[in-house]
A.B. asks: 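Here it is, the structure in full.
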Amino acid sequence: MLFYRTSALTKVLNSTKYEMSNKTFNDLSQVVNTANGKLTIFLSNTSEIVRPSLVIKKIVDKRKSGLRILGIAYERKDSASASVTIRGKSNDRNALIRFVDALRQDPLFVTVDSPIANIIKQTDSDFNIMTVVKFTE
Amino acid sequence: MSPNKLLIIISLLITLALGGFTYIGYLTIKEYQNWKNITNELAIANRKSDDISILKQNVEQSRDNLAKLDNSFVSNNNIVVFLESLEKLGRDAGIKLIVNNAESGDRMRISFRVQGTFANIYLFTAMLEKFRYQVSIDNLNLNLYNQDNGKNASWMGDYTITVLSYQKQ
């Protein structure tokens, strides 16, 4: 009786093992491994995505009357910071000073550098402002 | 037959019988061990088989998400699809977009120029950040191009982006 049961069990075991080692299992493993690989890449990339649109919006929002922005140059430095240069024309010195102050008060702009050359002319002066922005979650 | 001979024969028979019983007992114990091992193996195999069924079910249920994940990756086989999607993104934002350069190594870098109103270029930038492909905007140069139209003044933007979700194959 015991011998018979052992023999029957061996057959069941072999059949189960065959099921596990067949193509379906290999295909499933491949699907899961490929998806895991892509997910790993995808998730590790998330920290590298920063938002220059946020920088543009803040610059435009802080623009005061009497000041025109003619160009914005954004250059990503690393996963959390970028250098941004703002180019424009200011009707008078005060408009530019107010704009620079507004930028400095925003924690996104960690440094704001406005050279003296920007305010040499009393009216209608071209300006370049160099800033570094730092993105925080 | 002498009693001694009879005794010897009986002793031999008893010895043989004991030997036989011992052998059968040994075989039974061995078979029991064998049966026990197979039962254990079968239990493990059944658990694995159940795991495979669950895995299969999970893969089936995740098919849509897996397809989305696949669609967010650019490979050498679907660069054209990617470029067309980028151009469509530009059209959706209401700007003109011309791809200048594309180079692929470990990651793919694309340079392109856009032209449109400031608002539309801003919209495009925000849409690009949420693009179905993962991209990083490395360089962006926005310049006023033609200010004759007041609020609808024309701006030009030069972008360099890195496609982060890129796999060569």
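Proteins come first, then strands; the chains are lettered A, B, ... in the order of their sequence lines, and each starts at number 1. Computed from heavy atoms alone, side chains included, the values below leave out hydrogens, waters and symmetry copies.
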A.B. asks: Between A:K77 and chain B, with a heavy-atom cut-off of 4.5 Å, which part of the residue counts as in contact: side chain, backbone, both or neither?
C.D. replies: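 The answer is neither part of A:K77.
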A.B. asks: How long is the span from the CD atom in B:E60 to the CG atom in A:L28, to the nearest 0.5 Å?
C.D. replies: 8.5 Å
A.B. asks: Could you give all pairs that pass the salt bridge (Lys or Arg N to Asp or Glu O under 4.0 Å) test and reach residues 110-126 of chain A, with sequence neighbours left out?
C.D. replies: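 For residues 110-126 of chain A: A:K89-A:D126.
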A.B. asks: Got A:I56 and B:L140 here, is their nearest side-chain heavy-atom distance under 4.5 Å?
C.D. replies: yes
A.B. asks: Taking atom CD of B:Q61 as the centre, report whether more than 12 heavy atoms of other residues, nucleotides or ligands fall under 6.0 Å from it.
C.D. replies: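 More than 12 within 6.0 Å, yes.
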A.B. asks: When hydrophobic residues are tied together by side-chain contacts of less than 4.5 Å, even through go-betweens, does A:V132 share a cluster with B:L142?
C.D. replies: no
A.B. asks: With a 4.5 angstrom heavy-atom cut-off, could you sort out which part of B:L66 is near chain A: side chain, backbone, both or neither?
C.D. replies: side chain
A.B. asks: Are B:I8 and B:L13 in one and the same hydrophobic cluster, where Ile, Leu, Val, Met, Phe, Trp and Tyr link if side-chain heavy atoms are under 4.5 Å apart?
C.D. replies: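 Result: no, two separate clusters.
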A.B. asks: Starting from A:V112, can I reach A:I119 by hopping between I/L/V/M/F/W/Y residues whose side chains sit under 4.5 Å apart?
C.D. replies: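 Linked within one cluster.
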A.B. asks: Flag the one option from B:T39, B:L42, B:D70 with the top tally of heavy-atom pairs under 4.5 Å to chain A.
C.D. replies: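 That would be B:L42.
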A.B. asks: What residues of residues 117-133 of chain B sit under 4.5 Å from chain A when you count only heavy atoms?
C.D. replies: B:F118, B:Y122, B:T125, B:A126, B:E129
A.B. asks: Closest heavy-atom contact between A:F42 and B:S72?
C.D. replies: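 Taking A:F42 first and B:S72 second, the nearest heavy atoms are CE1-OG, 3.5 Å.
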A.B. asks: Between A:V84 and chain B, with a heavy-atom cut-off of 4.5 Å, which part of the residue counts as in contact: side chain, backbone, both or neither?
C.D. replies: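 Contact with chain B: none, neither part.
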A.B. asks: Using 0.5 Å steps for rounding, measure from the CZ atom of B:F73 to the OG1 atom of A:T34.
C.D. replies: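 These two atoms lie 11.0 Å from each other.
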A.B. asks: Membership question, hydrophobic clusters at under 4.5 Å side-chain separation (ILVMFWY): are A:V60 and A:I129 in the same one?
C.D. replies: yes
A.B. asks: Counting heavy-atom pairs under 4.5 Å with chain A, which one of B:T162, B:D158, B:D138 comes out on top?
C.D. replies: B:D138
A.B. asks: Distance check, rounded to the nearest 0.5 Å: B:N141 atom CG versus A:E75 atom CD?
C.D. replies: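 Between atom CG of B:N141 and atom CD of A:E75 there are 9.0 Å.
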A.B. asks: Please report the shortest heavy-atom distance between B:I137 and A:R76, naming the atom on each side.
C.D. replies: O-CD, 3.6 Å
A.B. asks: Are more than 12 heavy atoms, taken from residues, nucleotides or ligands other than B:I98, located less than 6.0 Å from that residue's CD1 atom?
C.D. replies: no
A.B. asks: Do other residues, nucleotides or ligands put more than 12 heavy atoms under 6.0 Å from the CG atom of A:N36?
C.D. replies: yes
A.B. asks: Applying side chain to side chain contact (heavy atoms under 4.5 Å, CB included) to B:N143 and A:L70, what does each step give before you reach the verdict?
C.D. replies: CA-CA 6 Å; B:N143 287 297; A:L70 304 175; over 6 Å; no
A.B. asks: Would B:I79 and B:V99 show up in the same hydrophobic cluster when neighbours are defined by side-chain heavy atoms closer than 4.5 Å?
C.D. replies: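 B:I79 and B:V99: one cluster.
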